[in-house]
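Just so we're clear, the structure is a prediction, and the values are computed from it rather than from any experiment. Just so you know, residue 1 is the first one in the sequence shown, and it goes up from there.
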Amino acid sequence: VVGLVADTGGRLGLPEFEAVLSRLKLAQLLSGACRLPLDKETLGGRRVALGNRVLKPSTRQGVLSVVDYGPHGAQHRRVPKDKHNEFFFGHRRRSPGRDSPLVRWVHMDGLDLTLLLAMTVKYGLHPLCVEDVIEQNATKIDRFGCHYFAAVEQLILVSAPDGSEPVRVHGRHLAIFCSGPPLFDTILTITEDDHDEKEAWPGGACPDTTGQGDAWVERMQSRLNAAHSRVRERRADFLMYQILDLAADEYIKVTRAYTTRLSILEGQPHISALGLMSEWLDEVSLAELQLAVVIRRMKGLQRLIRRVGDDPDLRASLDGYYSDIRDHIDEAYEDALYLAAKCRTIFDASERALDAHQAYCRASANNTLNKGIFFLTVVTAVHCPLHFICAVYGMNFQRDSKPTIPELLWPHGYLYFWLLIATYLIVSVIATIFFWRRWRRKALKDRVESVGFEERKAAARVRSTDGRMPAARSPVRRERRRPALSRGRGPD
């Protein structure tokens, strides 16, 4: 600062004054002499509610990664804590043999408030954009002057894509700062976990145990290192397109995972004697709620792509590329809508199947009860004459201590009684078997006729819809019928 003042003869213009002020502010932030603003008015109530655990400056080494790239190659380096002063007070070198500087990509993994404010001072970030990063704003894109800011609510698939387990998704928040025309030479990205995921995502937050959250960073770095890379030949606006394209691809992976999982759930047996299985029911209902969140976030990404299409500077060179993202995200959005409707359809079909199952169980129980009542009725009807005979000959009508029923005085009356009973039972059993078999044959015949009638009806329906229309009546035949119909005396 002293050297800058001495070089200008003790007089500072506006650019020199801004440079001096920014360097002093950077020194204040990086040295810890500037107390971080942790009040509600500066950071917003949502961040304050999260506590100092989120707002505390990060102590991890290598939180910043920097890539300087151009047509001839890319240089990757990490900026540990002891190199922060060198990075923030230094400048990038220019591309060899060219007047335009190398494109610089600065990526920060996790929110470090000190580094965020330092980048705000170094690159002149708009305060509204910084507030959106701290507040984790919904998906959107804004243009402030010649520079762009985009916020993207990412969804990362962390479960197996083959549908062998319930779909698990991890939420991430991505912020992009991109310098505008004519240079498009700087892009800043900040990623962190979605701190509202526990409240916004049905079923609670899912931790990223597989490390897929920032896998897109490694993919972008590998593309920059590839031979004859198209990304290196373009400017920062093309890198921003690549990042948004990868975010859209993650949504496609999520919808495909839900498609596979719901197809498996639809084919699983989920109806028991007690009703729908609780685990199956909970997973399908949870998938429906989660798909609603996916649809809402994809709407935000659709709005972002439409806003990009309305910008003349981005549309001039990247209109076809963003149209490709728009097609992909529209397809994923339609798939999510279909899957949400499919969840409801699965519910309705399961309820109908459950009703049919319960109706079948009730019909089976009623049929069993009817068969039991029918059997008891037949047995009662068969034994009713026996009860009558026993009741008649069991009456104690006597005269002079002798029974008045003549049959009781027969020498072999008791034997005759059992012969009569045995004969009656044999005849009754034979008659019962005869009528029962006749009833079964008639019922079987009626069932076969009903099945044949349904088959003939279905065949007739198929013949009527196979495109062969009945032939029209010939006009000659109609003319021939007219004299026959009008025989006799016509009207005068």
Side-chain angles (χ1 to χ4, degrees), residues 265-282 284 345-465:
L265 290 177
E266 190 177 12
Q268 285 182 351
H270 51 271
I271 298 178
S272 64
L274 301 178
L276 295 177
M277 296 182 180
S278 59
E279 295 182 359
W280 182 92
L281 183 64
D282 293 341
V284 175
T345 303
I346 291 175
F347 271 126
D348 296 340
S350 301
E351 290 178 355
R352 290 194 297 269
L354 179 61
D355 293 340
H357 176 71
Q358 292 176 348
Y360 172 78
C361 292
R362 288 193 297 268
S364 299
N366 293 335
N367 191 23
T368 303
L369 180 62
N370 292 334
K371 288 181 179 179
I373 294 176
F374 176 76
F375 176 77
L376 294 177
T377 303
V378 171
V379 172
T380 303
V382 169
H383 287 80
C384 185
L386 300 180
H387 287 291
F388 176 75
I389 295 174
C390 293
V392 169
Y393 288 99
M395 292 184 294
N396 296 322
F397 292 106
Q398 297 180 1
R399 187 175 60 182
D400 298 333
S401 299
K402 292 183 179 181
T404 57
I405 299 177
E407 291 81 357
L408 297 179
L409 299 177
W410 291 355
H412 303 287
Y414 186 68
L415 177 62
Y416 295 155
F417 171 78
W418 281 111
L419 289 176
L420 176 63
I421 295 299
T423 303
Y424 172 77
L425 288 177
I426 293 173
V427 173
S428 299
V429 169
I430 294 174
T432 302
I433 294 175
F434 172 77
F435 286 110
W436 179 76
R437 295 183 64 181
R438 183 177 180 182
W439 173 79
R440 286 293 301 273
R441 285 196 298 269
K442 185 176 182 304
L444 182 61
K445 182 178 179 181
D446 293 341
R447 187 180 305 172
V448 171
E449 291 180 354
S450 64
V451 172
F453 175 75
E454 293 294 334
E455 291 179 353
R456 291 193 299 272
K457 186 177 180 181
R461 189 183 302 109
V462 171
R463 286 196 300 270
S464 64
T465 57

query = To the nearest 0.5 Å, what is the distance between CG (Leu420) and CG (Leu425)?
reply = 9.5 Å
ask   = Which pairs pass side chain to side chain donor-acceptor pair (under 3.5 Å) with one or both residues in residues 359-383, sequence neighbours excluded?
value = none
task = Report the distance from atom CG of Leu419 to atom NE2 of His412, rounding to the nearest 0.5 Å.
result = 11.5 Å
ask   = According to the side chain to side chain donor-acceptor pair (under 3.5 Å) rule, which pairs have a member within residues 435-445, sequence neighbours left out?
value = Lys442-Asp446
message = For residues 415-424, which residue pairs pass the side chain to side chain donor-acceptor pair (under 3.5 Å) check, not counting sequence neighbours?
response = Tyr414-Trp418
remark   = Closest non-hydrogen contact found for Leu386 with Val382 is CG-O, 4.3 Å
inquiry  = Using side-chain heavy atoms (C-beta onward) and a distance below 4.5 Å, is Leu265 in contact with Ile346?
reply    = no
